[in-house]
Protein chains: 2
Amino acid sequence: MLAETLKKSFDKYFNAPIEAWIEFAAFCEPITFEKDQIIKPQGSTEKYFYFIIKGSAGLFLWKETNFVCLDFAFENNACCDYMSLLTRQPTELEVVALEKSEMIRISSANFHILSRKSVGQVIMQMTAEASFIEKQQQQIELLTKTAEERYKILQTKFPDIHQRIAQKHIASYLGITPQSLSRIRSGSY
Amino acid sequence: MLAETLKKSFDKYFNAPIEAWIEFAAFCEPITFEKDQIIKPQGSTEKYFYFIIKGSAGLFLWKETNFVCLDFAFENNACCDYMSLLTRQPTELEVVALEKSEMIRISSANFHILSRKSVGQVIMQMTAEASFIEKQQQQIELLTKTAEERYKILQTKFPDIHQRIAQKHIASYLGITPQSLSRIRSGSY
DNA sequence: TTGATTTATTACCATTTGGTAACAACTTTG
DNA sequence: CAAAGTTGTTACCAAATGGTAATAAATCAA
């Protein structure tokens with residue numbers, strides 16, 4: 001049941017009674033995506049906040065002739081073009097399902113309504129803060145670690161990422177070409 | 001007067017009556033820093049949230065033998081080790097005044113109290129969201145732009161940065177060495 | 001002001017990463 | 001299953017960036 005899933009996912013961060021989650025769950029609707037399905041196309045404004053029950057997704061940005069991945073999201077994590085959702089403005093970011101996925105989503109309107117409710121407010125504040133911290137960690141890695149170190153950190157964070165996500169996406173997330181990642185993995189240097 | 005300065009700085013984002021700002025200002029205290037003064041040393045937990053009235057500051061991280069700059073902050077902007085403030089945990093990040101500066105600060109305890117008050121809550125949520133967006137923009141630049149392009153973007157954002165901030169700090173922010181920035185500026189390539 | 005220290009510039013070469021291309025491995029689809 | 005398309009690997013060379021060092025310029029401090 002959805003309220004229980006939510007409670008279980010968020011209990012490690014803060015406690016809220018199951019009743020609050022039942023109220024919260026009323027704002028959610030389930031949705032499924034096929035592999036490679038575009039959840040939010042570039043140039044559009046984000047209309048939903050997604051929470052992944054099963055599967056994975058990526059946040060992409062076009063760069064010359066290929067896509068760069070800004071973020072991966074897996075089970076029990078949020079996934080959306082958060083920048084667009086917050087600003088209510090269109091962006092060039094694209095959200096894509098990287099596996100067959102089951103998610104729940106909250107419409108943009110409900111997301112902003114929930115921001116003013118007790119449980120919702122805590123979640124929204126927490127989401128904004130956690131997203132910032134996550135982004136700053138990524139910036140720190142890009143500025144202070146080599147591509148090889150960044151790859152190892154990613155592997156530690158998501159041990160099965162290589163079984164689930166195409167190497168070209170991992171490479172773009174690391175800020176290198178697929179060839180370079182191939183060389184790193186083979187231990188050429 | 002402080003409440004008026006705050007109101008003026010934040011009015012572009014949302015409206016709040018001057019009374020709310022007077023209440024808010026009661027939580028603030030003024031403080032000054034000399035150039036190169038360490039505001040928050042590495043390994044410590046952030047005890048304050050700062051707002052710059054005059055001057056500038058940088059957020060730094062040690063990398064092998066030099067510092068890398070994660071962020072610059074100037075007049076009318078916040079400045080602190082926000083990650084440490086949010087998590088209440090120590091970090092390796094260091095906050096340094098880059099010019100003689102006048103700031104106001106809010107203690108960590110008051111910062112978290114304010115998060116539950118009406119005006120404070122809006123500011124805190126806004127701060128978290130704006131910080132995330134800013135960080136994601138930086139990540140996008142690091143992943144999709146060349147060092148030269150990133151330098152031009154920075155110049156557009158802070159036209160007088162080169163008059164105010166040491167080039168080595170700008171270089172570290174861009175993710176390159178001071179020598180590389182020197183070459184970019186001279187138009188060697 | 002002068003000498004000492006720090007910062008910026010330039011040149012040189014080393015290292016890392018990028019891009020093209022050919023091929024191999026894998027995946028998808030009919 | 002077989003053909004077509006996509007993805008991953010490797011080799012090669014090109015381009016970008018790093019690191020050392022010598023010098024010049026700027027800043028700081030006595």
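Naming convention: chains lettered A, B, ... in sequence-line order (proteins, then strands); numbering from 1 in each chain.
Aromatic pair A/H169/A/F60: centroids less than 6.0 angstrom apart. If you look at A/F158 and A/F72, their ring centroids are not closer than 6.0 Å.
The nearest whole Å value for the distance from the CD atom in A/E148 to the P atom in C/dT16 is 10 Å. As a whole-Å value, the separation of B/D36 CG from C/dT5 C1' is 13 Å. The NZ-P distance, from A/K35 to D/dT6, rounds to 12 Å in whole Å. Atom NZ of B/K63 and atom P of D/dT17 are 14 Å apart (whole Å). Atom CD in B/E149 sits roughly 13 Å away from atom C1' in D/dA16 (whole-Å rounding). Counting to the nearest Å, the C1' atom of C/dT9 and the CG atom of B/L181 are 11 Å from each other. Computed from coordinates, the A/K100 NZ to C/dT28 P distance equals 14 Å when rounded to whole Å. Spacing between atom CD of B/E99 and atom C1' of D/dT27 amounts to 15 Å, rounded to whole angstrom units.
A donor atom on one side chain and an acceptor atom on the other are found under 3.5 Å apart for A/K135 and A/Q138. Side chains of A/R183 and A/S186: no donor on one and acceptor on the other come within 3.5 Å.
Residue A/S186 places its side chain closer to D/dT10 than to any other of C/dT17, D/dT10, D/dG18. With C/dG19, C/dT9, D/dG19 as the choices, the nucleotide that has an atom nearest any side-chain atom of B/S182 turns out to be C/dT9. Considering only the side chain of B/A166, C/dA8 comes nearest among C/dG19, C/dA8, D/dG18. Here the side chain of B/R185 is nearest to one of C/dT9, D/dG18, C/dG18, namely C/dT9.
For A/R183 against D/dG8, no side-chain N or O and base N or O form a donor-acceptor pair under 3.5 Å. In the interface, the side chain of B/Q179 is not paired with the base of C/dT9 through any donor and acceptor atom under 3.5 Å apart.
Comparing A/P178 and B/R150 by the nucleotide of DNA chain D that holds the closest heavy atom to each, the one mapping nearer the 5' end is A/P178.
For B/S44 (side chain) and B/K40 (main-chain N/O), no donor-acceptor pair under 3.5 Å exists by modelled atom type. B/Y82 places a side-chain N or O within 3.5 Å of a backbone atom of B/A128 that can act as its donor or acceptor partner. Put simply, the side chain of A/Q37 never gets that close to the backbone of A/A97: no donor and acceptor are under 3.5 Å apart. One N or O on the side chain of B/S172 and one on the backbone of B/C69 form a donor-acceptor pair closer than 3.5 Å. In this structure, A/S108 contributes its side chain and A/Y48 its backbone to no donor-acceptor pair below 3.5 Å. The backbone N or O of A/Q89 lies less than 3.5 Å from a partner atom in the side chain of A/S84, making a donor-acceptor pair.
Contacts with DNA chain C (heavy atom under 4.0 Å) in residues 167-177 of chain A: A/G175, A/I176, A/T177, listed by number.
Note on the helix from C/dT1-D/dA30 to C/dG30-D/dC1: terminal axis deviation equals 60°, with five pairs used at each end and the result rounded to 10°.
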